[in-house]
Undergrad: 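This is the structure, below, for whatever I ask next.
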Amino acid sequence: SFPPKTVLAYSWDHLPGWASDIAAGKGKVFVTNGYGHVFEWLPKQKNWRRLPQLGNMSRVAVAPDGSPLLVSHREGALWAWNSSGKKWAFGHGAVNDVGAGPDGTVWVTTQGTVRQGFDPNSFWQRFIQRYDRNKLGPDGEIWRKKPGGRWEHIPGAARRVAVDADGNAWDTNSAGSIYHWTGSSWHQVPGWASDIGVDDGKVWVIGGNDTVWTLIKGSEKWVRVTGG
């Protein structure tokens with residue numbers, strides 16, 4: 001553990017470009033920008049490569065095979081980009097955010113509630129009901145899909161979601177509360193966050209005034225990370 005008020009100083013590299021969302025996994029880094037374009041970081045070239053035919057995307061996660069999972073801004077649909085470069089619909093409707101674990105478990109938060117009588121496991125049916133977004137609440141439902149399994153509705157409501165190595169979700173809601181799925185229920189972790197990410201066993205959040213914090217492993221204490 002660290003002494004109270006410890007601040008970790010990381011060495012940050014300033015990369016070209018700008019982004020509204022970012023995801024990393026399997027040695028890959030993807031970002032979306034304010035125009036909805038999707039880019040992949042090329043370490044050797046030290047630059048970004050725009051993925052063709054992909055636009056209007058707002059959120060991104062990395063699938064176990066290193067491909068991006070994307071949420072489209074207008075449709076609220078969840079898309080996957082496969083190795084042949086073709087995009088295919090994973091589900092349509094009011095998806096808000098997506099997270100994927102290295103074990104293949106995918107979690108999504110929504111912008112509304114699931115339409116009665118619709119099966120989200122049907123490939124061609126709309127996953128989430130289309131709502132007048134001006135009437136939507138700040139938090140949506142939570143859904144999980146294990147490898148080879150079907151979509152399951154998980155109790156609770158959240159806005160942002162990330163997934164750890166065990167396939168369990170970490171999420172935040174509109175109040176900034178932080179929760180961790182233990183496998184059977186939600187456990188609230190002290191702190192406040194506007195966004196959350198998990199990688200290599202570490203949990204990271206964006207706190208107040210856009211500060212960066214990381215959770216001390218095996219505890220419920222956050223340490224501020226500076227240097228960026």
Side-chain angles (χ1 to χ4, degrees), residues 19-25 30-34 36 38 56-63 68-79 90-101 105-115 120 126-145 151-164 167-183 185-199 202-215 220 222:
S20 57
D21 195 26
I22 187 170
F30 297 97
V31 298
T32 58
N33 65 15
V38 183
N56 194 36
M57 301 295 175
S58 58
R59 304 290 294 180
V60 61
V62 181
L69 292 172
L70 300 147
V71 176
S72 61
H73 175 68
R74 292 179 184 174
E75 297 175 314
L78 181 61
W79 296 85
F90 201 62
H92 283 277
V95 177
N96 182 56
D97 197 16
V98 58
T105 303
V106 178
W107 292 70
V108 298
T109 60
T110 75
Q111 297 183 26
T113 56
V114 172
R115 178 192 293 271
R126 286 186 296 179
F127 178 26
I128 307 300
Q129 180 177 5
R130 293 179 186 274
Y131 279 84
D132 177 353
R133 298 192 179 192
N134 292 325
K135 297 180 181 178
L136 291 176
D139 295 319
E141 292 185 351
I142 305 168
W143 288 74
R144 176 185 65 185
K145 187 177 187 302
W151 285 102
E152 306 171 78
H153 178 229
I154 304 298
R159 188 174 185 182
R160 299 291 184 229
V161 63
V163 185
D164 61 27
N168 292 324
W170 293 74
D171 65 33
T172 64
N173 60 23
S174 58
S177 301
I178 305 166
Y179 290 89
H180 175 225
W181 181 255
T182 64
S185 63
W186 293 104
H187 171 71
Q188 185 172 1
V189 179
W192 185 96
S194 60
D195 205 352
I196 191 165
V198 182
D199 187 42
K202 292 184 178 180
V203 181
W204 305 79
V205 297
I206 303 297
N209 298 318
D210 293 332
T211 51
V212 180
W213 299 75
T214 187
L215 188 66
E220 293 190 342
W222 297 94

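Residues take their numbers from the sequence shown, with the count starting at 1.
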Undergrad: Are any side-chain N or O atoms of T110 and backbone N or O atoms of G140, one a donor and one an acceptor, separated by less than 3.5 Å?
TA: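 Between the backbone of G140 and the side chain of T110 there is no qualifying donor-acceptor contact (under 3.5 Å).
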Undergrad: Do D199 and W204 have side-chain N/O donor and acceptor atoms under 3.5 Å apart?
TA: no
Undergrad: How many angstroms lie between atom CD1 of I142 and atom CG of D97, to the nearest 0.5 angstrom?
TA: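 Here the rounded value is 11.0 Å.
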Undergrad: Report the C-alpha distance between D21 and R160 in whole Å, list the side-chain angles of each, state the deciding distance to 0.1 Å, and finish with yes or no for salt bridge (charged side-chain N to carboxylate O under 4.0 Å, His left out).
TA: CA-CA 11 Å; D21 195 26; R160 299 291 184 229; over 6 Å; no
Undergrad: What's the shortest heavy-atom distance between P190 and W222, and which atoms?
TA: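 Smallest interatomic distance, heavy atoms only, reads O-NE1, 2.7 Å.
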Undergrad: How would you list, by chain and number, every residue that makes a side-chain hydrogen bond (donor to acceptor under 3.5 Å, both in side chains) with S177, sequence neighbours excluded?
TA: none
Undergrad: Closest approach of V71 and V95, non-hydrogen atoms and distance?
TA: CG1-O, 3.4 Å
Undergrad: I want to check something: taking the side chain as every heavy atom from C-beta on, are V212 and I206 in contact at a cut-off of under 4.5 Å?
TA: yes
Undergrad: State, yes or no, whether a side-chain contact exists between W192 and V205 at a heavy-atom distance under 4.5 Å.
TA: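 Not in contact.
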Undergrad: R159 and N96: which non-hydrogen atoms are nearest, and at how many Å?
TA: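 Minimum heavy-atom contact is O-ND2, 2.8 Å.
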Undergrad: Would you check, one step at a time, whether the test side-chain contact (heavy atoms from CB on, under 4.5 Å) holds for W107 with D171?
TA: CA-CA 10 Å; W107 292 70; D171 65 33; over 6 Å; no
Undergrad: How many angstroms lie between CZ in F30 and CG in L70, if you round to the nearest 0.5 Å?
TA: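 The CZ atom of F30 sits 8.5 Å away from the CG atom of L70.
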Undergrad: Please report the shortest heavy-atom distance between A100 and V62, naming the atom on each side.
TA: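 Looking at all heavy atoms of both residues, the closest pair is CB-O, 3.5 Å.
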Undergrad: Looking at T32 and S20, would you say the former's side chain and the latter's main chain have a donor-acceptor pair under 3.5 Å?
TA: no
Undergrad: Identify the two heavy atoms, one from G99 and one from A61, that lie closest to each other, and give their separation to 0.1 Å.
TA: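 Shortest heavy-atom contact: CA-CB, 4.0 Å.
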Undergrad: Side chain of W143, backbone of V106: donor and acceptor closer than 3.5 Å?
TA: no
Undergrad: Say you draw a straight line from OG of S194 to CD1 of I178; how long is it, rounded to the nearest 0.5 Å?
TA: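 Nearest 0.5 Å value for the OG-CD1 distance: 9.5 Å.
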Undergrad: What is the ring orientation for W186 with W181, classed by angle as parallel under 30°, tilted 30 to 60°, or perpendicular over 60°?
TA: perpendicular
Undergrad: What is the distance from atom CG of N168 to atom NE2 of H187, rounded to the nearest 0.5 Å?
TA: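 Nearest 0.5 Å value for the CG-NE2 distance: 13.0 Å.
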Undergrad: For the backbone of A175 and the side chain of N173, can you confirm whether one donor and one acceptor N or O come within less than 3.5 Å of each other?
TA: yes
Undergrad: Working to the nearest 0.5 Å, report the span between CG of D210 and CG of D195.
TA: 10.5 Å
Undergrad: Quick check: closest heavy atoms across V31 and A19, and the distance to 0.1 Å?
TA: CB-CB, 3.7 Å
Undergrad: Would you check, one step at a time, whether the test side-chain contact (heavy atoms from CB on, under 4.5 Å) holds for W79 with V38?
TA: CA-CA 12 Å; W79 296 85; V38 183; over 6 Å; no
Undergrad: Hey, could you give me the NE2/OG distance between H180 and S185, rounded to the nearest 0.5 Å?
TA: 10.0 Å
